[in-house]
> 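Structure in structure tokens, see below.
A, B, ... follow the sequence lines: proteins, then strands. Residue 1 opens every chain.
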Amino acid sequence: MLQVTFLRQHTLLVKEKLAIKNFSNPELVDEVIALDDQRKQFTFQYDELQGQVNRMSKEIGMLMAKGEKEAAECKKSEVADLKAGLQPITEQLAATEKLLQEVLVKLPNVPSDLVPAGKTPEDNLTIKEQGSVPDLPSGAMPHWDLIKKYDIVDFETGVKLTGSGFPVYKGKGAKLQRALISYFLDYNTSAGYTEFIPPYMVNEASAYGTGQLPDKEGQMYYMPADNFYLIPTAEVPVTNIYRDEIVKESDLPIQMTAYTPCFRREAGSFGSDVRGLNRVHQFDKVEIVQLVHPDKSYQVLDEMVAHVEKLLQSLGLKYRILRLCGGDMSFASALTYDFEVWSAAQKKWLECSSVSNFEAFQTNRMKIRFKDTNGKSQLLHSLNGSSLALPRIMAALLENNQTENGILIPEVLQSYFGSSMI
RNA sequence: GGUGAGGUGGAUGAGUGGCUGAAAUCAACGGUUUGCUAAACCGUCGUACGGUUGUAAAGCCGUACCGAGGGUUCGAAUCCCUCCCUCACCGCCA
């Protein structure tokens, strides 16, 4: 959620920038400002009247104490008149505030200056491409065949247990998941992130805080009996840890990491996009989240990108880094870098991480603040990224590392996995 | 699931209709002093919104907030209703 003062100060700029996100209702910005003007007016009127009521009530109390009943009764009727005038103002104020809020949440975050214009993923900017394509043996297979050959992931049984998109990992497949999770977490914690194991279900307030609600409820699994949502990413519970908190500046930066399963209801695409592990309803992911001083968020974004990049390098995967164009960015993000790994057998790029700076967009909603050196509270900036999402990493590892004798396990994983081959 | 108790500022905790935006203690912050890994003393110490003064830093005034929402009343942390949550014991269970 954008801040109204920011919209007032940079009205034109905001409209220009929102155009880069292909936002089609720039007049909503003016609407917000007009509604806020109204809000101020009604607030002023309400405060004035209510102040009078409060003063008179005190006087009545003093008159009663002195035993001047008649004077008190007289005042009471005066107050009654005032209160009659107060009621419509109260209603108008509430209505205006509600409307303001409704319009405000429709405005996406303003993209940073670095964001390229564009509408589709083709317009994303490739920042870097690195790593080599391995020479695959003849008869190289895509991962959905490899997992059958080595019997490490079983989709059919997943369908039997739950439905499509709920894979069952088995034997070495399960072990490899565990190895990846442990390796990723250790990598993150040694970089200074604190590990968390959060709940996998959240309440409405948390889902609202990170922007899943309102609007995107269809993308989450919902438990009506308890009004809980299954988390689509660890970002939701982890960022909400600091909801409604004011932290000390000396406690910054706050760096958190968590492994969680992620649950996504989203109606899938079609064809090879959804085959195998490319797109599933339940998957594992290790997430990193930072809450930082607003002056530092872009520096931290670069650090997080470098952090994820080194992790991919350590796995020996060919990857590329994209700076997302306005049209492909999420609603809440100001700047996003996507990481994609090369799937040698499918001959396509698979997204495995998305690292974003949300500036104060999320923290404004969640009221995550810090006290600056002058003792004033200011919103923090929030950032998050995957480090990393497992299924596509697994797919790429299986495909790129297949040999006639089996699948090679990257060196950094071997101590976690317990052997060098599947 | 059953029974009971309760939700007050960073923490503990007082406060059952007006002088309570809220005692006290602790923590935190600033200072003084003595000195050595600390004590004593003094001071400061919630948030949001609105108005106003000021170039600004900041100040002043007002409004709201004592789990959330509603009600009674001239006036509510205090009374009533609904909801949420926490704790304890019991039941069930990993």
Side-chain angles (χ1 to χ4, degrees), chain A residues 1-9 32-104 197-209 213 222-229 237 240-252 254 261 291 360 363-380:
Chain A
M1 191 166 68
L2 291 168
Q3 294 162 269
V4 180
T5 36
F6 182 81
L7 296 179
R8 281 183 185 282
Q9 286 161 1
V32 164
I33 293 171
L35 283 167
D36 193 50
D37 286 337
Q38 272 184 46
R39 193 200 105 244
K40 284 187 188 190
Q41 273 182 35
F42 288 135
T43 302
F44 178 73
Q45 291 173 24
Y46 175 88
D47 286 356
E48 289 290 302
L49 267 177
Q50 185 63 48
Q52 287 184 46
V53 171
N54 289 349
R55 271 193 301 279
M56 292 177 77
S57 295
K58 266 202 180 115
E59 288 167 21
I60 292 171
M62 295 195 310
L63 290 173
M64 300 284 269
K66 279 191 271 179
E68 296 179 29
K69 284 236 167 77
E70 275 173 39
E73 286 305 321
C74 181
K75 286 260 180 212
K76 277 194 196 182
S77 66
E78 277 182 60
V79 173
D81 290 344
L82 280 180
K83 288 187 78 178
L86 200 52
Q87 201 192 341
I89 296 172
T90 310
E91 284 164 10
Q92 282 169 307
L93 177 60
T96 307
E97 278 176 338
K98 184 161 172 265
L99 199 55
L100 174 62
Q101 192 66 14
E102 280 168 9
V103 179
L104 204 49
I197 301 180
Y200 302 155
M201 292 183 218
V202 294
N203 57 27
E204 236 174 307
S206 296
Y208 178 81
L213 296 180
Y222 176 56
M223 330 285 284
D226 296 290
N227 202 20
F228 293 153
Y229 294 86
N240 271 284
I241 288 171
Y242 282 92
R243 168 155 50 87
D244 294 321
E245 301 275 337
I246 300 177
V247 302
K248 283 185 283 185
E249 189 167 355
S250 56
D251 290 337
L252 301 176
I254 292 162
L291 297 170
T363 54
N364 186 30
R365 234 187 228 214
M366 283 187 270
K367 296 286 169 276
I368 303 181
R369 291 163 292 177
F370 74 102
K371 273 233 193 297
D372 66 20
T373 39
N374 295 324
K376 283 180 78 175
S377 46
Q378 280 188 52
L379 294 171
L380 286 165

> Would you mind reading off the distance between A/L49 atom CG and B/rA64 atom C1', rounded to a whole angstrom?
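Atom-to-atom, A/L49 to B/rA64, this comes out as 15 Å.
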> Taking A/L379's backbone N and O only, do any of them form a donor-acceptor pair with A/T363's side chain (distance below 3.5 Å, no angle check)?
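The answer is no, because no donor-acceptor pair under 3.5 Å joins these two groups.
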> When you check the phosphate oxygens OP1 and OP2 of B/rA64, does a side-chain N or O of A/Q50 lie under 4.0 Å from one of them?
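Checking B/rA64 against A/Q50, a side-chain N or O does come within under 4.0 Å of OP1 or OP2.
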> Please determine whether side chain to side chain contact (heavy atoms under 4.5 Å, CB included) holds for the pair A/L35 and A/D37, giving the CA-CA distance in whole Å, both sets of side-chain angles, and the decisive distance to 0.1 Å.
CA-CA 5 Å; A/L35 283 167; A/D37 286 337; over 6 Å; no
> Is there a side-chain contact between A/T43 and the phosphate of B/rA64, meaning an N or O under 4.0 Å from OP1 or OP2?
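Indeed not, no polar side-chain atom of A/T43 lies that close.
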> If you assign each of A/M56 and A/S377 to its closest nucleotide in RNA chain B, which residue comes earlier from the 5' end?
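Its nearest nucleotide lies further toward 5', so the answer is A/S377.
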> Considering just the side-chain nitrogens and oxygens of A/N54, establish if one lies under 4.0 Å of OP1 or OP2 belonging to B/rA64.
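Checking A/N54 against B/rA64: at least one side-chain N or O falls below 4.0 Å of OP1 or OP2.
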> Tell me what A/K40 touches on the nucleic acid: a base, only sugar-phosphate, or nothing, going by heavy atoms under 4.0 Å.
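Sugar-phosphate: the residue A/K40, judged by heavy atoms under 4.0 Å, touches backbone atoms but no base.
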> For atom P, what is the distance between B/rA68 and B/rA94, given to the nearest Å?
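Going atom to atom, P in each nucleotide, I get 39 Å.
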> Does B/rG50 have OP1 or OP2 under 4.0 Å away from a side-chain N or O of A/R39?
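For B/rG50, OP1 or OP2 has a side-chain N or O of A/R39 closer than 4.0 Å.
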> If each of A/I60 and A/K371 is mapped to the nucleotide of RNA chain B with the nearest heavy atom, which maps nearer the 5' terminus, i.e. the 5' end?
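Its nearest nucleotide being more 5', the pick is A/K371.
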> Do A/D47 and B/rG62 have a side chain to base donor-acceptor pair shorter than 3.5 Å?
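Such a pair exists between side chain and base.
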> For A/S77, which contact category applies under a 4.0 Å heavy-atom criterion: base, sugar-phosphate, or nothing?
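No contact at all - A/S77 keeps every heavy atom at 4.0 Å or more from the nucleic acid.
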> Describe the nucleic acid contact of A/K83 in one word from base, sugar-phosphate, nothing, applying a heavy-atom distance below 4.0 Å.
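Sugar-phosphate, backbone atoms only, no base.
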> With a 4.0 Å cutoff (strictly under), does any side-chain N or O of A/R55 reach OP1 or OP2 of B/rC74?
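Negative; the distance criterion is not met.
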